[in-house]
Amino acid sequence: MPATLGDRMISQMSARGFILLQTAGRLADEMGLPAYAVGGFVRDLLMSKTSADIDVVVEGDGIAFAKLVGRELDGTVQAHHAFGTATITLPDELTLDVATARSETYAQPAALPQVVSGSIMQDLFRRDFTVNAMAIRLNARRFGELVDLFGGQRDVQARRLRTLHAKSFLDDPTRIFRAVRLEARLGFRMDGETLRHCVEAGRQDLPGHLSGQRLCNELRLILLEAQPEKALARLGVLKLLRFVHPKLIWTSGMARRFEMVRAAVDRCRKMETGGPHNLWLVYFMALVEGLTPNAVQDMMQRLALPARDVGQVMAGHGRAATILRGLAKRPAPKPSAIYRALDGLADETVCLLIARASSEAVRKRLLDYRSQYRDVKLSVTGADLKALGLTPGPAYKKILTRLLDARLDGVVRSKADELKLVAKLARL
Ligand code: CTP
């Protein structure tokens, strides 16, 4: 008799999520398809945690099934025909990812797999770790039945990460980084054999065959974890950080730096301005702080980082100490001087500076820049200057700069003040 997790689902899930899965099961019955909740959702349920997203697999046409669920629940469905997958977004923003059960074969190590539709058993067998290779039946008469073909539940209890077969890391070396990320997040450990295969995959240089984008995605996912330093420290111990860059070495000082970044970001998040848009980039900047500019460029090229990110990282790299010294000067720099020191830097760089600031006074200057100075705008416009008879040119820019400084420092407060200052500066 298979274990049933129906009661656990009722007690742990939101009523909304539970009803959604029940509805999915009923609609799968209507189509005559076996349907399952799979992967991280099942693992988290067994660990009494709530999952952010739910993945559903059906043995049959996943897209047609998703469309039926979408229609029934007034959701919108985005189908990805090449993969037989679809995302249903419900009116309250809840999303459900649906896939057609499939099996995967790898023509060469580290390549993307060839995919054909298959059974739930094949779909579970293609997965990375036993704890991620479980499913829960959703069809009404068997709702809540656990499908655990590889001992995943036992491994959850033993807090153990185990691959399903010896070639798992060879097929997909991104799993090396996934293993370390999940270990750190869940407080699990790879079992002896899995660890051996993981280290061996590193020895065989398999992550070296990954595309820049895939490697970057794994690093980004690590940097988006609640405590990225845990996974990075483990990568350091397993000598796997070299695949991100040969010069990258993990030290305890870096763990401390990451904690400071987190504290700075938390502080920013509590303010009206909110946290940085790209949290992972703040950690990335902290990670590469000790590397030479050439090494950072190299690393970003290997990771195929978009030009915009490269520009932002390089604009701040190696400048932290100088900028912070400037901000720590006595007497305290005026708002305009703070603005000039930071203008043009990415918000992520400013957050890193907040993390690195050595005193509360300097930190406050940086926070004020983010929340006040950065968005200060002049009331006079180029058209106003023109109307005053000024001809556009370098003098224009000079006047506008002086004007903005005066505004930042509270020397001028209104448009009339600004116009007076323009007249003075231009000696009209
Ligand atoms: N998977 C895999 N190999 C990969 C990536 C994913 O086998 N390289 C499988 C895992 O079984 C995983 C599922 O695909 O459970 C979905 O992947 P993802 O959404 O990344 O995993 P979750 O377990 O949902 O992860 P998270 O908890 O981080 O959301």
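A quick note: this is a predicted structure, and the numbers were derived from the prediction, not measured. Each ligand, and each atom within it, is numbered from 1 in the order the structure gives. Residue numbers start at 1 and run along the sequence shown.
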- Does Asp44 reach ligand 1 with a nitrogen or oxygen that is under 3.5 Å from one of the ligand's nitrogen or oxygen atoms? no

Those atoms of ligand 1 less than 4.0 Å from some heavy atom in [X]:
{"X": "Gly39", "value": "15 (O)"}
{"X": "Gly40", "value": "15 (O), 23 (O)"}
{"X": "Arg185", "value": "26 (P), 27 (O), 28 (O)"}
{"X": "Thr174", "value": "8 (N)"}

Among protein heavy atoms, which sits nearest to [atom], and what does the distance come to when rounded to 0.1 Å?
{"atom": "atom 8 (N) of ligand 1", "value": "Asp172 OD2, 2.7 Å"}
{"atom": "atom 13 (C) of ligand 1", "value": "Arg127 NH1, 3.4 Å"}
{"atom": "atom 29 (O) of ligand 1", "value": "Asp53 OD1, 3.9 Å"}
{"atom": "atom 3 (N) of ligand 1", "value": "Arg175 NE, 3.2 Å"}
{"atom": "atom 17 (O) of ligand 1", "value": "Arg178 NH2, 3.8 Å"}

Salt-bridge test for [X] and [Y]: reply yes if a basic N is under 4.0 Å from a carboxylate O, no otherwise.
{"X": "Glu259", "Y": "Arg262", "answer": "no"}
{"X": "Glu229", "Y": "Arg256", "answer": "no"}
{"X": "Arg175", "Y": "Asp172", "answer": "yes"}
{"X": "Glu218", "Y": "Arg214", "answer": "no"}
{"X": "Asp148", "Y": "Arg154", "answer": "no"}
{"X": "Asp155", "Y": "Arg160", "answer": "yes"}
{"X": "Arg374", "Y": "Asp343", "answer": "no"}

- Task: Pick one of side chain, backbone, both or neither for how Arg181 approaches ligand 1, counting any non-hydrogen atom pair under 4.0 Å.
- Result: side chain

- atom 2 (C) of ligand 1: of Asp55, Asp128, Leu164, Asn132, the nearest heavy atom sits on Asp128

- Query: Got Leu90 and Asp74 here, is their nearest side-chain heavy-atom distance under 4.5 Å?
  - Reply: no

- Item | atom 20 (O) of ligand 1 protein-contacted, heavy-atom criterion under 4.0 angstrom | yes

- Message: Does the plane of the ring in Phe150 sit parallel, tilted or perpendicular to the ring in Phe125? Use 30° and 60° as the thresholds.
- Response: tilted

